[in-house]
Amino acid sequence: MVQSTLLTAILAFTSLAAAQCGAGTPHATVTGSGNSYTATRGSSNVYTGTDYRAAIQAALDSITSGQRVAVLASGSIGASTISVGSGKTFEGCGTINVGNKSGRGAIESLDTVGANIAYLTMTGNPYFGLRFYGTRDLTLGKINLDLSGGLGIRFERDKAANSNVKMDTITCTRAGSHCVETWNIDRLTIGSVIARNVGECGLLLQKTTNARVGLVDGNNVAAGNGYATLRFANENGKLNGGYSTNVFVDRVVSRGGGRGIFCVSQSGGAQIGYVDLANNGNNAILIENCYGVNINGGTVSGGGEVRLAARTEFANNRDINISLRVDGTTVRESPCGDNTNWNLSGNGGRNIC
Ligand SMILES: *[C@@H]1O[C@H](CO)[C@@H](O)[C@H](O)[C@H]1NC(C)=O
Ligand SMILES: *[C@@H]1O[C@H](CO)[C@@H](O)[C@H](O)[C@H]1NC(C)=O
Ligand SMILES: *[C@@H]1O[C@H](CO)[C@@H](O)[C@H](O)[C@H]1NC(C)=O
């Protein structure tokens with residue numbers, strides 16, 4: 001009994017250690033501080049000098065697919081880019097301060113298979129904190145973007161598509177634009193997106209199919225503009241020309257800011273399990289020209305109205321099912337959607353079809 005308890009404790013410790021940035025024996029490391037950095041692969045020195053970015057890139061370039069770099073040092077890469085190649089695991093254990101390289105990511109993985117950014121703490125005001133396209137089997141782990149501006153994570157619109165992207169926990173503070181913006185992903189899994197004081201969206205999905213998201217949690221996101229804690233746009237969820245349910249979000253929490261949830265421009269095929277929206281400065285929920293959207297339950301408390309709307313440029317809303325308690329704000333459906341099913345409770349005023 002004592003032995004098995006000890007064994008359990010050892011196993012627990014081992015798995016805890018394995019779950020920490022830089023744990024075990026990374027194939028390459030970056031150490032140092034100030035204006036002195038060293039990159040080491042095994043027992044070989046691959047960089048010594050003043051340039052933090054060069055040290056990180058040298059470490060990444062020294063490993064092969066299946067291997068891992070741990071950046072233990074903190075520093076600043078300025079307006080430049082770190083590139084993570086196929087099959088390589090990157091662990092940013094120090095704090096990586098970044099600058100604004102126009103149109104580019106501070107960290108990129110482009111046209112790769114199986115790249116993994118397992119840990120990252122980033123500060124600064126990047127154009128894009130992380131930038132991706134043409135990826136397959138990309139993994140993002142615990143990503144903490146504590147920014148003073150810029151866009152957190154961007155999958156490009158006009159480049160090669162992505163498949164099988166996994167993200168664990170993405171936290172953004174003070175991004176000027178979106179925390180996470182996707183285009184062109186088939187098969188996306190996200191644990192959580194946590195957005196605090198973010199200028200535009202917490203999570204923005206576009207032309208993304210077969211997606212599963214655990215939690216999107218925004219506080220003071222999209223204040224003063226039309227974005228939202230969670231937004232689907234540009235035919236998000238359109239799968240094989242239709243809108244069968246293929247985008248699943250377990251839970252959306254939004255406080256203050258602008259909109260809570262916004263579906264627009266021929267998006268849909270979406271099911272949201274539970275919403276908890278309060279005091280949003282713009283529509284708590286806006287669904288505009290969307291097809292096949294289910295909100296299965298939850299609450300809206302105060303804030304801007306819950307609205308089903310349509311622009312004339314696209315077909316009207318259809319197949320929208322909403323089960324919701326709405327207090328302290330109104331629910332408006334105008335124009336009437338095609339096959340809207342409301343299941344409402346709460347004291348909010350109603351103007352529905
Ligand atoms: C980055 O610089 C470009 C101009 O090169 C500017 O338009 C953009 O707003 C800047 N982004 C940030 C986050 O400062
Ligand atoms: C909405 O609910 C109706 C009736 O319960 C159901 O037949 C329909 O499949 C649901 N719509 C979607 C998009 O799931
Ligand atoms: C309507 O909402 C109630 C309370 O949220 C829920 O228990 C019930 O399942 C919903 N009915 C339908 C048809 O979705």
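Each ligand, and each atom within it, is numbered from 1 in the order the structure gives. Heads up: numbering here begins at 1 and tracks the sequence.
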Show the distances, to 0.1 Å, for all pairs joining an N/O atom of ligand 1 and a protein N/O atom that are shorter than 3.5 Å, listing one pair per line.
from     : atom 1 : to   : atom 2 : distance (Å)
ligand 1 : 2 (O)  : N100 : OD1    : 3.4
ligand 1 : 2 (O)  : N100 : ND2    : 2.4
ligand 1 : 11 (N) : N100 : ND2    : 2.7
ligand 1 : 14 (O) : N100 : ND2    : 3.3
ligand 1 : 14 (O) : N125 : ND2    : 3.2

Could you tell me if the side chain of I153 sits less than 4.5 Å from the side chain of L140, heavy atoms only?
yes

Output the list of atoms in ligand 3 that are nearer than 4.0 Å to some heavy atom of N343, sorted by atom number.
1 (C), 2 (O), 3 (C), 8 (C), 10 (C), 11 (N), 12 (C), 14 (O)

Could you note down all residue pairs passing ring-ring contact (aromatic ring centres under 6.0 Å, His included) where residues 77-112 supplies at least one of them, sequence neighbours left out?
none

Can you run down the salt bridge (charged side-chain N to carboxylate O under 4.0 Å, His left out) pairs that involve residues 249-263, sequence neighbours left out, and say none if there aren't any?
R255-D276

How are the rings of H178 and Y227 set to each other: parallel, tilted or perpendicular (split at 30° and 60°)?
perpendicular

N or O contact, N294 vs ligand 2, cut-off under 3.5 Å
yes

Give a yes/no verdict on a cation-pi contact between R104 and Y127, requiring under 6.0 Å between NZ or CZ and the six-membered ring centre and an angle within 45° of the axis.
no

For S33, give me all partners under side chain to side chain contact (heavy atoms under 4.5 Å, CB included), at least two apart in sequence or on another chain.
none

Judged by atom type as modelled, is there a donor-acceptor pair below 3.5 Å linking the side chain of R196 to the main-chain atoms of D217?
yes

Please determine which of T229, L277, V300 meets the side chain to side chain contact (heavy atoms under 4.5 Å, CB included) test together with I261.
L277

By number and element, which atoms of ligand 2 are closer than 4.0 Å to a non-hydrogen atom of D319?
13 (C)

Min heavy-atom dist S323 to ligand 3 below 4.0 Å
yes

